[in-house]
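Notes follow once the structure below has been shown.
Letters go in sequence order (proteins before strands), and every chain restarts at 1.
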Amino acid sequence: MTTFADLGLSPKVLNAVEAAGYTIPTPIQAGAIPHALQRKDVLGIAQTGTGKTASFVLPMLTLLEQGRARARMPRTLILEPTRELAAQVEENFVKYGKNHRLNVALLIGGVSFDDQLRKLERGADVLIATPGRLLDHFERGKLLLSAVDILVIDEADRMLDMGFIPDIERICKLIPFTRQTLFFSATMPPEITKLTEQFLHSPVRIEVAKAATTAKTVEQKLVKSGKKDWEKRAVLRDLIRAEDEGLKNAIIFCNRKKDVSELFRSLVKHDFDAGALHGDMDQRARTTMLASFKDGKLKLLVASDVAARGLDIPDVSHVFNFDVPIHSEDYVHRIGRTGRAGRSGKAFTLVTPADTKYLASIEKLIGEDIIWHDGDLSTLPVSTEPDEAPRRGRGRGKPEPKRRPRNEGRERERPQSEIDIIAAAERAKEAEVQPVEEQPIVRTAEKPQKAAIKADNEQRRARVPHTEPRRDHRRDRDDMGSAPVGFGDEIPAFMLIDTKV
DNA sequence: AAAAAAG
């Protein structure tokens, strides 16, 4: 049996790997590490969850033990498609590089340039970046790529999906021809093959057995729902309550960012312990939210497909697809968030009459029909919330035409979700430093008394103003010219006359 | 019918 000690890694690296509790490398690690150490180009075809990250981090650490970085001239560069993945790779360098004194710089969007510039100035041994911010720094002349000795391109097929390939080509051309390239992709569509032919030099190809399209340990179910958002929300709430016993934590996927925000707001309003994650959120909120979810401080995470692939969130008990994913591969990635490492997991997908086409392509892809969850859903109370009383008992599948549920409009009128998401992130943060008793979070199963619900909602609402200034600031700027500014509450009457015809 | 990433 091959162990890490057989792969040729340096003692410092081996020590850190052992300290992390690993002795046996995964197939992609065993395959890639020896070649990477011999400075060969590597083409690794592997899904996430195969130990792919360590397969480039470990040999890089060993190789980096020789030499030093100069200011603005990073020695190695790792390209990642999303900010979260980039941050995750950085964590790996911290974990396995604990015996090294390396400068690691993370260049991602959504955060200030200043810290990043300082790190570049100091000389980065390892630069981990998303393409946009990297090119931004490059164009400002703050970064030279002529000393990059090792280039890693991770999740290449996802970069393709995201339209990054032109950026990747451009970056590849800025890096010396003599570099070593480690290239990873889960699949090999023609565009990716072309890219490898262009930028890799007689690479060693390592392909790890493609994981069965969907893990055997995941129990998949379909759940019927009406097509209105409020109907889907009601079905989801019932489902979460019905599943509560075995529900440790769950990711709830939506197709659109707008729906992530709306569903998150709705769940919080209904006293679920929920957070949200999507790409338009403030980077600070994204980071905090993900961290609380990973730490188990947050039970439900409503997310866009940012969270579908790659993110290392171990051991999620449930995945709920609030929407049927439009691309069938996304279904596989989403439900792959549960049932990992042989553990059991459950995946529920809400299906409306409009989704049959996408459902068919998913079933074709995974090669089986997903069973319908008959459950006791029909016997469960549809809803207990007063603002949803009008549709109680009316049959979820057939709402009366032309009549909008009362709360739908009301939810729309509210200020956009961002402030609430930041508020929730702050809630999660506060929970870290305060004893649990002082921060009561209503667990999903509990059906609190009405008074308790009210008190809790008041508490939540009270926190929102903390983040208000940021948003008001922006709105004030947008509204300038249409309203008198600078008078506070003392606006002279003549200025309040409506000038519109 | 989308999301992601540079603002």
Regarding [X], tell me which of base, sugar-phosphate or nothing describes its non-hydrogen contacts under 4.0 Å with the strands shown.
X: Asp161(A); result: base
X: Gly110(A); result: sugar-phosphate
X: Asp355(A); result: base

Integer-rounded Å distance: [N] [atom2] and [X] [atom1]:
X: Ile108(A); N: dG7(B); atom1: CD1; atom2: P; value: 10 Å
X: Met162(A); N: dA5(B); atom1: CE; atom2: C1'; value: 5 Å
X: Asp323(A); N: dA3(B); atom1: CG; atom2: P; value: 10 Å
X: Gln283(A); N: dG7(B); atom1: CD; atom2: C1'; value: 14 Å
X: Lys357(A); N: dA2(B); atom1: NZ; atom2: P; value: 13 Å
X: Asp305(A); N: dA1(B); atom1: CG; atom2: P; value: 18 Å
X: Lys257(A); N: dA2(B); atom1: NZ; atom2: P; value: 10 Å
X: Ile251(A); N: dA3(B); atom1: CD1; atom2: P; value: 17 Å

Exercise. Is there a donor and acceptor pair, one atom on the side chain of His327(A) and one on the base of dA2(B), closer than 3.5 Å?
Worked result: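 Yes, the side chain and the base share a sub-3.5 Å donor-acceptor pair.
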Charged N-O contact under 4.0 Å between [X] and [Y]:
X: Glu155(A); Y: Lys52(A); result: yes
X: Arg205(A); Y: Glu207(A); result: yes
X: Asp136(A); Y: Arg140(A); result: yes

Of the listed nucleotides [options], the one nearest the side chain of [X]:
X: Thr82(A); options: dA1(B), dA4(B), dG7(B); result: dA4(B)
X: Ser304(A); options: dA1(B), dA3(B), dA5(B); result: dA3(B)
X: Glu139(A); options: dA1(B), dA6(B), dA4(B); result: dA6(B)
X: Arg286(A); options: dA6(B), dA1(B), dA5(B); result: dA5(B)

For this session: Give, ordered by number, those residues of residues 128-135 of chain A having at least one heavy-atom distance below 4.0 Å to an atom of DNA chain B; if nothing qualifies, reply none.
Result: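 Here the set is Thr130(A), Gly132(A), Arg133(A).
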For this session: Report yes or no: does Thr187(A) contribute a side-chain atom to a donor-acceptor pair with the main-chain N or O of Pro189(A) at less than 3.5 Å?
Result: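 No, the answer is negative, given that no donor and acceptor are paired below the 3.5 Å cut-off.
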For this session: Keeping the roles fixed (side chain from Arg122(A), backbone from Arg72(A)), state whether a donor-acceptor pair exists under 3.5 Å.
Result: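 Between the backbone of Arg72(A) and the side chain of Arg122(A) there is no qualifying donor-acceptor contact (under 3.5 Å).
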Exercise. If only side-chain N and O atoms of Lys258(A) are considered, is one of them under 4.0 Å from the OP1 or OP2 phosphate oxygen of dA1(B)?
Worked result: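 Answer no for this pair, as no side-chain N or O of Lys258(A) is under 4.0 Å from OP1 or OP2.
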For this session: Please check the phosphate of dA3(B) (OP1 and OP2 only) for any side-chain N or O of Arg158(A) closer than 4.0 Å.
Result: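 Checking dA3(B) against Arg158(A), no side-chain N or O comes under 4.0 Å of OP1 or OP2.
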For this session: Would you check if the distance from the ring center of His327(A) to the ring center of Tyr358(A) is below 6.0 Å?
Result: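 Judged by ring-centre distance (under 6.0 Å), His327(A) and Tyr358(A) do not meet the cut-off.
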May I have the list of side-chain donor-acceptor pairs in residues 318-326 of chain A shorter than 3.5 Å, sequence neighbours left out?
{"unit_1": "His318(A)", "atom_1": "NE2", "unit_2": "Glu243(A)", "atom_2": "OE1", "d": "2.8"}
{"unit_1": "Asn321(A)", "atom_1": "OD1", "unit_2": "Arg334(A)", "atom_2": "NH1", "d": "3.2"}
{"unit_1": "Asn321(A)", "atom_1": "ND2", "unit_2": "Thr349(A)", "atom_2": "OG1", "d": "3.0"}
{"unit_1": "Asp323(A)", "atom_1": "OD1", "unit_2": "Lys232(A)", "atom_2": "NZ", "d": "2.7"}
{"unit_1": "Asp323(A)", "atom_1": "OD2", "unit_2": "Asn255(A)", "atom_2": "N", "d": "2.8"}

Exercise. Do any pairs count as a ring pair (Phe, Tyr, Trp, His ring centres under 6.0 Å) and have a residue in residues 138-167 of chain A, sequence neighbours left out, and if so which ones?
Worked result: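 Passing the test, one end in residues 138-167 of chain A: no pairs.
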